[in-house]
Enquirer: 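Structure incoming, see below.
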Amino acid sequence: MDRRKFLTLTGTFTGGSLLLPDFLYSFGSQKNLIVGEQCIVFVQLNGGNDGLNTFIPFEDALYYDVRPKIALSKTEVLNSAKGMAFHPALKGFASMQQSGDLSVIQNVGYPNPVRSHFRSQEIWQTAPTHQEYLSDGWLGRYLDLQCKEHQPTAGINIDTIDNLALKGEEPNSITVKDPDRFKTKSKAENDGQLSKNPQLDFVRKVANSVVEGSDDIQKALAKSAPSDVVYPKTGLAKNLEWISKLIKGNLNSKVYYTSLGGFDTHDNQLSIHKNKLTELNDAVFSFYEDLKKSQQLQNVTIVVFSEFGRRVKDNGRGTDHGTAAPMFVIGGNNRGKIIGNNPNLSDLDNGDLKHEIDFRSVYASILKNKLDFDFTKIGIQNKALEGLF
């Protein structure tokens, strides 16, 4: 059996009720895992978010020529700078950018782009050098080196499925399928040997850590300072509110991960995209305000990305799978800049934007500047992106 497949066992237990392991509280006493109390929160936009209608080149006449059905008018866009502006649904993003807390990284992608959702997500999550297939994620490899012993929640994924980005040789992350179902278990299992099979003993070890640590997790959640920020009643907002509680409860996980789906806008894009960006904006901005009011924002870096962008030309009612797109980095004392050139709509690759910044350079910058980690140790060969922090 593959130990990496035991992650689900640690995330759902006793009929699906969520039990978390003992490691969250233990991070505070492990200096090798704490670097300036920094953590990274990833929000993955599944389906291929249309970057051109998210951060919009509204001063480029070609934008309106190639998108006659779905272009956003100059009177609608928000917070214009350097010929670019935000979608009208992203009022919070525009405000964060004006406050100097949000950086936009333009034209992010990778060479020889793949337009398959699954494979492109896999590439982003494993960060291979030459698009080779890897079984471990880039964050999983990082956690393997940072966690000297098995620490089941060095990374927390709040989603309905496990995330390849967090998978490593050791199960140093946990998938929380529904925070609302969190509860404690009053009595731990016997920690004796389960069998002579080391793999089954490993399962017992992880299961015991889940049970034994649940009370400590409940106490840590109780220590979380109350917030006067009212989060929207959406799935993403609920996930980010729960992450905020864990951060404010001093649990010191290094990586948090969650996602928002619905960005595969082949049809009826104007309406669908507006609704999805509104959900994203309201959830992230509430999270941002919560962290800012609790004086945690400087320690938390929020990264928003999608597996690819969309085609430059619309298809009549929407857009098809494309390539490069912007990434957004919020908090963590980032420099609040627009990094990279504006999308060049007159120099395309078979109808798609050419990427100018490799996503692995962004990863390298985060690992180097926020987690004080040598990114080459996990196989990232790209240079760290300059000017982000």
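Residues take their numbers from the sequence shown, with the count starting at 1.
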Enquirer: Tell me yes or no: between the side chains of Gln98 and Ser95, is some donor less than 3.5 Å from an acceptor?
Expert: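 The answer is no; no qualifying pair exists.
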Enquirer: Less than 6.0 Å separating the ring centroids of Tyr256 and Phe42?
Expert: no
Enquirer: When you check the side-chain N and O atoms of Asp267 and Thr265, is any donor under 3.5 Å from an acceptor?
Expert: no
Enquirer: Is there a side-chain contact between Gln296 and Ile247 in this structure, where contact means two heavy atoms from C-beta onward sitting under 4.5 Å apart?
Expert: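 Yes, close enough: below the 4.5 Å cut-off.
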Enquirer: Nearest 0.5 Å, please: how far is CZ in Arg360 from OG1 in Thr126?
Expert: 9.0 Å
Enquirer: Would you mind reporting whether Phe328 and Leu45 have side-chain heavy atoms less than 4.5 Å apart?
Expert: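 A side-chain contact is absent here, since even the closest heavy-atom pair is not under 4.5 Å.
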Enquirer: Could you name each residue pair satisfying salt bridge (charged side-chain N to carboxylate O under 4.0 Å, His left out) that touches residues 104-116, not counting sequence neighbours?
Expert: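 Found Arg115-Asp352.
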Enquirer: Does one side chain, of Asn112 or Gln131, offer a donor that lies under 3.5 Å from an acceptor on the other?
Expert: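 Distance-only check fails for Asn112 and Gln131.
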Enquirer: Any salt bridge between Asp50 and Arg67, counting N to O under 4.0 Å?
Expert: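 Yes, Asp50 and Arg67 are salt-bridged.
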Enquirer: Knowing that exactly one of Ile243, Ile40, Ile330, Leu291 qualifies, which makes a side chain to side chain contact (heavy atoms under 4.5 Å, CB included) with Val300?
Expert: Leu291
Enquirer: Do the non-hydrogen side-chain atoms of Leu134 and Arg141 ever get within less than 4.5 Å of each other?
Expert: yes
Enquirer: Less than 4.0 angstrom from a charged side-chain N to a carboxylate O is my criterion; do Asp136 and Lys167 meet it?
Expert: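 A salt bridge is absent here (no side-chain N lies under 4.0 Å from a carboxylate O).
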Enquirer: What pair of heavy atoms forms the shortest contact from Ser120 to Tyr110, and how long is it?
Expert: OG-OH, 2.9 Å
Enquirer: Minimum heavy-atom separation for Ser227 and Asp290, please, with both atom names.
Expert: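 The pair with the smallest heavy-atom distance is OG-OD1, 2.9 Å.
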Enquirer: Are a donor atom and an acceptor atom from the side chains of Asn49 and Ser306 found within less than 3.5 Å of each other?
Expert: no
Enquirer: Is it true that Asp228 and Lys293 make a salt bridge, defined as a side-chain N closer than 4.0 Å to a carboxylate O?
Expert: yes
Enquirer: Pair Phe93, Leu280 - check side chain to side chain contact (heavy atoms under 4.5 Å, CB included), show working.
Expert: CA-CA 10 Å; Phe93 275 55; Leu280 172 68; 4.0 Å; yes
Enquirer: Would you kindly confirm whether Ile357 and Leu353 end up in one hydrophobic cluster when ILVMFWY residues are joined by side chain heavy atoms under 4.5 Å apart?
Expert: no
Enquirer: Just so I know, are the side chains of Asp372 and Gln38 near enough to count as touching, which here means a heavy-atom distance under 4.5 Å?
Expert: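 Contact flag for Asp372/Gln38 side chains = no.
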Enquirer: Using a distance-only test with no angle check, is there a side-chain donor-acceptor pair under 3.5 angstrom linking Gln298 and Asn333?
Expert: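 Side-chain D/A pair, Gln298 to Asn333: absent.
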Enquirer: State, with a plain yes or no, whether a side-chain heavy atom of Tyr133 is found less than 4.5 Å away from one of Pro128.
Expert: no
Enquirer: Any idea which heavy atoms bring Ala89 and Thr278 closest together, and the distance?
Expert: CB-OG1, 3.4 Å
Enquirer: Check Glu122 with Arg119, please: is the shortest side-chain N to carboxylate O separation under 4.0 Å?
Expert: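 Salt bridge between Arg119 and Glu122, a charged N being under 4.0 Å from a carboxylate O: yes.
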Enquirer: Strictly by salt bridge (charged side-chain N to carboxylate O under 4.0 Å, His left out), give each pair with a member in residues 379-388 just once, sequence neighbours left out.
Expert: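 Counting only pairs at least two positions apart or across chains, no salt bridge (charged side-chain N to carboxylate O under 4.0 Å, His left out) contact touches residues 379-388.
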Enquirer: For a quick check under 3.5 Å, do Tyr63 and Asn53 share a side-chain donor-acceptor pair by atom type?
Expert: yes
Enquirer: According to a 4.5 Å side-chain heavy-atom criterion applied to Ile, Leu, Val, Met, Phe, Trp and Tyr, with indirect links allowed, do Leu62 and Phe55 form part of one hydrophobic cluster?
Expert: no
Enquirer: Does Leu345 belong to the same Ile/Leu/Val/Met/Phe/Trp/Tyr cluster as Ile338, with side-chain heavy atoms less than 4.5 Å apart forming each link?
Expert: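 No, it is not one cluster - the side chains of Leu345 and Ile338 are not joined through contacts under 4.5 Å.
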Enquirer: Would you call Pro68 and Asp314 a side-chain contact if the rule is heavy atoms closer than 4.5 Å?
Expert: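 Sidechains of Asp314 and Pro68: in contact.
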Enquirer: Between Arg311, Arg310, Lys69, Lys313, which is the residue that forms a side chain to side chain donor-acceptor pair (under 3.5 Å) with Thr319?
Expert: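 Exactly one option meets the side chain to side chain donor-acceptor pair (under 3.5 Å) with Thr319, and it is Arg310.
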Enquirer: If you round to the nearest 0.5 Å, how far is NE2 of His355 from CD of Gln106?
Expert: 14.5 Å
Enquirer: Can a donor-acceptor pair be found between the side chains of Asn107 and Asn341 at a distance below 3.5 Å?
Expert: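 The criterion, which ignores hydrogens and geometry beyond distance, is not satisfied for Asn341 and Asn107.
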Enquirer: Are Asp347 and Lys354 ion-paired here, with the side-chain N under 4.0 Å from a carboxylate O?
Expert: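 Between Lys354 and Asp347 there is a salt bridge, with a charged N closer than 4.0 Å to a carboxylate O.
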Enquirer: With sequence neighbours excluded, what pairs up with Glu279 under the side chain to side chain contact (heavy atoms under 4.5 Å, CB included) test?
Expert: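 Once residues adjacent in sequence are excluded, the partners of Glu279 under the side chain to side chain contact (heavy atoms under 4.5 Å, CB included) criterion are Thr234, Leu236, Leu260, Lys276.
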Enquirer: Can you tell me if Asn157 uses its side chain to pair, donor with acceptor, with the backbone of Ile161 under 3.5 Å?
Expert: yes
Enquirer: Do any pairs count as a ring-ring contact (aromatic ring centres under 6.0 Å, His included) and have a residue in residues 266-294, sequence neighbours left out, and if so which ones?
Expert: His87-His273, His266-His321, Phe285-Tyr288
Enquirer: Under the side chain to side chain contact (heavy atoms under 4.5 Å, CB included) rule, what do Leu277 and Phe86 come out as? Steps first, then yes or no, please.
Expert: CA-CA 11 Å; Leu277 290 182; Phe86 288 99; over 6 Å; no
Enquirer: Quick one: which residue pairs count as a ring-ring contact (aromatic ring centres under 6.0 Å, His included) with a foot in residues 363-389, not counting sequence neighbours?
Expert: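 Found Trp138-Tyr363, Tyr142-Phe373, Phe359-Tyr363.
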Enquirer: If you group Ile, Leu, Val, Met, Phe, Trp and Tyr by side-chain heavy-atom gaps below 4.5 Å, do Phe263 and Leu240 land in one group?
Expert: yes
Enquirer: Would you compute the distance between atom CD of Gln381 and atom OG of Ser361 and round it to the nearest 0.5 angstrom?
Expert: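 It comes to 11.5 Å.
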Enquirer: Does Phe308 share a hydrophobic cluster with Ile70, counting links as ILVMFWY side-chain heavy atoms below 4.5 Å and allowing steps through other members?
Expert: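 Cluster IDs for Phe308 and Ile70 differ.
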Enquirer: Please give me the minimum heavy-atom distance between Ser244 and Ser224, naming the atom from each residue.
Expert: O-OG, 4.5 Å
Enquirer: Which heavy atom of Ser259 sits nearest a heavy atom of Asp159, and at what distance?
Expert: OG-OD2, 2.6 Å
Enquirer: Which pairs pass salt bridge (charged side-chain N to carboxylate O under 4.0 Å, His left out) with one or both residues in residues 85-111, sequence neighbours excluded?
Expert: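 Found Asp101-Lys292.
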Enquirer: Check whether any side-chain heavy atom of Pro326 sits under 4.5 Å from a side-chain heavy atom of Ile105, and report yes or no.
Expert: no
Enquirer: Can you tell if the side chain of Asn342 reaches within under 4.5 Å of the side chain of Asp60, non-hydrogen atoms only?
Expert: no
Enquirer: Identify the heavy atoms of Ser286 and Pro232 that sit nearest to each other, and give their distance.
Expert: OG-CD, 3.4 Å
Enquirer: Counting neighbours of NZ on Lys238 that are heavy atoms of other residues, nucleotides or ligands and sit closer than 6.0 Å, is the number greater than 12?
Expert: yes
